[in-house]
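Report on one structure; see the data block that follows.
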Amino acid sequence: MNGGQDLGGMMGFGPVQPEPDEPWFHADWERRALGLTLAMGATGQWNIDMSRAARESLHPAEYLSSSYYEIWTKGLEKLVLQQGLVTTDELKAGHALTPPKPVARVLKAESVPAALAKGSPAERPAAAPARFAAGDRVMTRVMHPAGHTRLPRYARGKRGTIERVHGAHVFPDSAAAGAGERPQWLYTVRFSGAELWGADADPSLAVSIDAWESYLEPA
Amino acid sequence: MNGGQDLGGMMGFGPVQPEPDEPWFHADWERRALGLTLAMGATGQWNIDMSRAARESLHPAEYLSSSYYEIWTKGLEKLVLQQGLVTTDELKAGHALTPPKPVARVLKAESVPAALAKGSPAERPAAAPARFAAGDRVMTRVMHPAGHTRLPRYARGKRGTIERVHGAHVFPDSAAAGAGERPQWLYTVRFSGAELWGADADPSLAVSIDAWESYLEPA
Amino acid sequence: MNDTHHHHHHGHAHGHDHSELSEIELRVRALESILVEKGYVDPAAVDALVETYETKVGPRNGAKVVAKAWADPAFRDRLLRDATAAIASLGFSGRQGEHMVAVENTPQEHNMVVCTLCSCYPWPVLGLPPVWYKSAPYRSRAVIDPRGVLAEFGVALPAATRIRVWDSTAEVRYLVVPMRPEGTEGWSEEELAALVTRDSMIGVGLPLRPGEARP
Amino acid sequence: MNDTHHHHHHGHAHGHDHSELSEIELRVRALESILVEKGYVDPAAVDALVETYETKVGPRNGAKVVAKAWADPAFRDRLLRDATAAIASLGFSGRQGEHMVAVENTPQEHNMVVCTLCSCYPWPVLGLPPVWYKSAPYRSRAVIDPRGVLAEFGVALPAATRIRVWDSTAEVRYLVVPMRPEGTEGWSEEELAALVTRDSMIGVGLPLRPGEARP
């Protein structure tokens with residue numbers, strides 16, 4: 001969706017402001033927000049694409065005025081509500097008021113190192129040969145789906161060159177909708193700055209995105 | 001600029017919510033915000049394009065979380081500060097602390113009807129014949145200027161058809177920067193929904209924008 | 001910022017809580033004090049401007065234009081050819097209506113007006129725009145999902161009807177001339193004007209039908 | 001919402017005022033209470049997750065990878081060919097680093113990594129991302145104005161150097177291998193690693209030079 005998350009090329013946010021000390025966390029609630037988000041992810045009730053879709057569905061004004069751990073927290077609230085794991089009354093009360101729903105897994109402390117080491121690889125066996133090879137010229141689709149997608153607005157309807165072929169990866173547009181992983185070949189596609197931003201672009205600039213096969217057409 | 005104002009095609013704002021009673025104003029401060037904005041516009045210290053540029057330069061989170069009269073108020077504050085008519089100390093104090101700067105005009109109550117009736121026509125004598133005629137196919141430029149423009153992001157790099165020729169109008173990209181009116185021919189350009197939004201667009205949809213000549217190339 | 005729990009309502013002044021209204025009230029008051037003290041603004045002019053748009057200008061102006069176009073084919077032709085002059089001939093002109101274009105709905109094509117970039121609106125014929133016209137939901141969706149927007153206004157057009165959206169990106173202002181309702185043969189302009197809603201002149205509504213109460 | 005007069009600072013937790021911090025603190029606390037009471041979450045697992053990223057994972061991992069690539073041409077080749085395996089051979093792997101790609105700076109091309117759509121970042125080699133990496137100014141501008149962004153980090157590249165920005169739109173994570181500083185011939189991997197800053201592995205900084213104090 002063309003939500004508040006799709007920031008590439010937007011203006012008006014001011015300078016990048018690195019913090020002098022750059023603490024990992026600025027308050028204890030940020031620690032808990034991180035840990036809860038990862039621990040709930042481990043229950044298997046949703047995938048990473050559903051998590052991103054939940055965050056992106058925040059009202060853009062709220063998305064853009066929230067820190068990232070706030071966005072994670074608000075996204076996590078949406079997910080537990082959507083999945084029926086928690087009720088709005090419970091969020092208001094701050095306590096469980098209804099029996100739990102069964103979940104696939106509960107991450108235990110002793111399993112944390114193994115779970116993090118394993119990660120969640122997105123590569124899957126390919127069902128068909130790759131349509132494109134490195135060096136091929138492609139055109140990204142013009143598309144504005146209401147659901148989740150990983151093709152940013154700035155890179156739609158643009159001509160680029162396939163630079164890397166990564167294998168077949170879980171297709172987020174499908175996985176976020178709960179419609180299955182439907183893996184597709186994933187490519188790094190390189191664009192010139194002028195193609196993306198016009199004649200006034202920095203002439204020394206090239207930008208790449210990672211794009212699933214259905215985002216691309218031969219050009 | 002690609003600021004918070006460029007809303008065409010964005011998602012996540014929820015349904016349109018007409019008010020049952022639709023009052024012209026919701027509080028007296030809205031009345032004053034309207035009147036002050038119009039009265040200060042009459043001083044001639046800036047043009048309408050500078051006003052729009054000031055509003056668009058609000059941080060996008062602020063733009064998107066403000067009501068329209070709030071946006072006008074915050075834009076007016078920016079303009080009076082930029083023009084040196086008011087100081088930040090004065091805004092904080094809520095009172096004049098420095099002598100006024102001369103302004104070209106001060107609108108008097110008795111002149112209001114005539115000023116509103118006159119308006120501010122944007123048409124100017126044309127310096128050259130129009131490059132395009134109704135029916136011509138054109139392509140909008142891919143451009144992402146840091147300054148003010150009236151070519152929305154959703155209509156950049158798109159093929160359309162000239163439908164109306166409006167005459168030469170003040171060029172906002174220039175006027176907003178204080179670089180003069182530099183009038184250009186203005187056209188209504190019509191696009192198919194599919195051209196703007198892709199194959200999944202409403203097949204019955206056509207959208208037009210009003211585009212200045214330098215936004216367009218022959219297609 | 002807005003972190004009220006599950007309070008996702010933005011962009012409407014009436015959705016703001018009291019403390020925020022006070023904040024903006026103070027800000028506007030401060031601004032007016034300074035501008036008046038410095039002599040840039042005549043407070044009586046502010047009063048006169050507000051009074052004009054609160055009491056003298058409104059969509060009844062546009063309704064007269066539309067009703068005349070329905071009743072008078074020669075006026076309709078002039079309106080579609082040169083709307084600024086035709087509308088001025090009825091006494092409506094000036095600020096935010098300097099360059100008018102009238103677009104006529106037909107069974108084949110429905111017109112809808114938006115300003116995605118700000119809040120451009122034909123003030124002399126419609127008055128000040130309503131909050132929703134200036135707000136993000138309408139501005140964002142009118143150009144990509146007009147049928148979805150129309151549905152929220154209770155309007156369902158035939159699938160075969162083309163939808164034409166006019167994004168007011170310049171100083172040209174658009175007035176939709178809706179289709180004259182059936183059963184109004186021989187009506188006077190005054191009677192016809194009573195059927196012309198503001199929404200129908202933006203293109204998000206249809207005119208009232210004979211006997212239909214003004215909502 | 002944020003109506004503090006002239007307070008335009010957004011998106012940083014530390015830019016929020018106390019009442020808002022309290023609001024989000026309450027929200028997170030409520031969420032944790034519910035999730036623990038319902039048995040979905042083991043609070044000790046939350047502790048272990050936080051402790052991992054606060055104390056065990058960080059950019060020193062990535063610095064070891066880069067230093068080894070500088071010191072060991074065979075490792076460099078493996079790293080550029082199959083970064084996931086090469087990095088795993090040093091013991092760094094797992095969540096948010098499942099599919100690694102290493103991109104090498106040269107005098108002709110400088111690499112810079114961003115995630116415009118969220119906050120994708122190679123956790124096993126760099127740890128958690130800094131606030132600025134996840135914030136709107138960096139995410140919006142890295143792809144359109146990278147030289148402007150680099151200037152804010154104090155980096156000025158020659159005009160002839162091409163800038164290559166990698167937008168992490170999938171589960172592939174990018175690690176920049178900066179150019180080895182001059183004057184480091186014969187240095188050990190440990191000595192070299194001390195020159196490798198986190199920013200240089202994102203592409204918004206350069207490695208330290210010999211004798212340059214870590215900032």
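Here is the naming used below: chain letters follow the sequence lines, and residue numbers restart at 1 for every chain. Being a predicted model, the structure only gives us computed values, none of them experimental.
Looking at Y69(B) and T37(B), their side chains never bring a donor and an acceptor atom within 3.5 Å of each other. Using modelled atom types and a 3.5 Å distance limit, the side chains of R55(B) and Q5(B) yield no donor-acceptor pair. Between the side chains of Y174(C) and T188(B), at least one donor N or O sits under 3.5 Å from an acceptor N or O. Between the side chains of T98(B) and K38(C), at least one donor-acceptor pair of N or O atoms lies under 3.5 Å. If you check the side chains of S208(B) and R164(C), you find a donor sitting under 3.5 Å from an acceptor.
Ranked by non-hydrogen atom pairs under 4.5 Å with chain C, the options A42(B), G35(B), A206(B) are led by A206(B). The candidate with the highest count of non-hydrogen atom pairs below 4.5 Å against chain C, out of E123(B), Q45(B), K118(B), M11(B), is E123(B). Chain C forms more heavy-atom pairs under 4.5 Å with one residue of S204(B), G119(B), A39(B) than with any other, namely S204(B). No other option in R95(C), R139(C), R147(C), R162(C) has as many heavy-atom pairs under 4.5 Å with chain B as R139(C). Counting heavy-atom pairs closer than 4.5 Å to chain C, the top-ranked of the candidates A122(B), P99(B), A211(B), G4(B) is A122(B). Heavy-atom pairs under 4.5 Å with chain C were tallied for G94(B), S111(B), P172(B); the largest tally goes to G94(B). Residue with the most contacts toward chain C among V86(B), L151(B), V170(B): V86(B) (heavy-atom pairs, distance under 4.5 Å).
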Checking E171(C) against R173(C) for the salt bridge (Lys or Arg N to Asp or Glu O under 4.0 Å) test, could you report, in this order, the C-alpha distance in whole Å, the side-chain angles of both residues, the deciding distance, and whether it holds?
CA-CA 6 Å; E171(C) 300 311 326; R173(C) 298 288 169 269; 2.9 Å; yes
Check against side-chain contact (heavy atoms from CB on, under 4.5 Å), Y215(B) and V138(B):
CA-CA 10 Å; Y215(B) 295 171; V138(B) 292; over 6 Å; no
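With a 4.5 angstrom heavy-atom cutoff, D47(C) touches chain B via backbone and side-chain atoms both. Looking at E54(C), both its backbone and its side chain come within 4.5 Å of chain B, counting heavy atoms on both sides. At a 4.5 Å heavy-atom cutoff, E51(C) makes no contact with chain B through either its backbone or its side chain. For T52(C), the part lying under 4.5 angstrom from a heavy atom of chain B is the side chain only. For a residue to count as touching a neighbouring chain, one of its non-hydrogen atoms must lie under 4.5 Å from one of that chain's; by this rule T84(C) does not touch chain B. Using a 4.5 Å cut-off between heavy atoms, A160(C) does not touch chain B at all. If you measure heavy-atom distances from Y133(C) to chain B, you find no contacts under 4.5 Å at all.
Annotation: side chain of F191(B) is in contact with side chain of T140(B) (closest heavy-atom distance under 4.5 Å).
Remark: side-chain polar atoms of R124(B) are not paired, donor with acceptor, to backbone N or O of A168(B) under 3.5 angstrom.
Within residues 101-120 of chain C, the residues approaching chain B closer than 4.5 Å by heavy atoms are, in numerical order, V101(C), A102(C), V103(C), E109(C), C115(C), T116(C), L117(C), C118(C), S119(C), C120(C).
To the nearest 0.5 Å, atoms OG1 (T87(B)) and CD1 (I34(C)) are separated by 7.5 Å.
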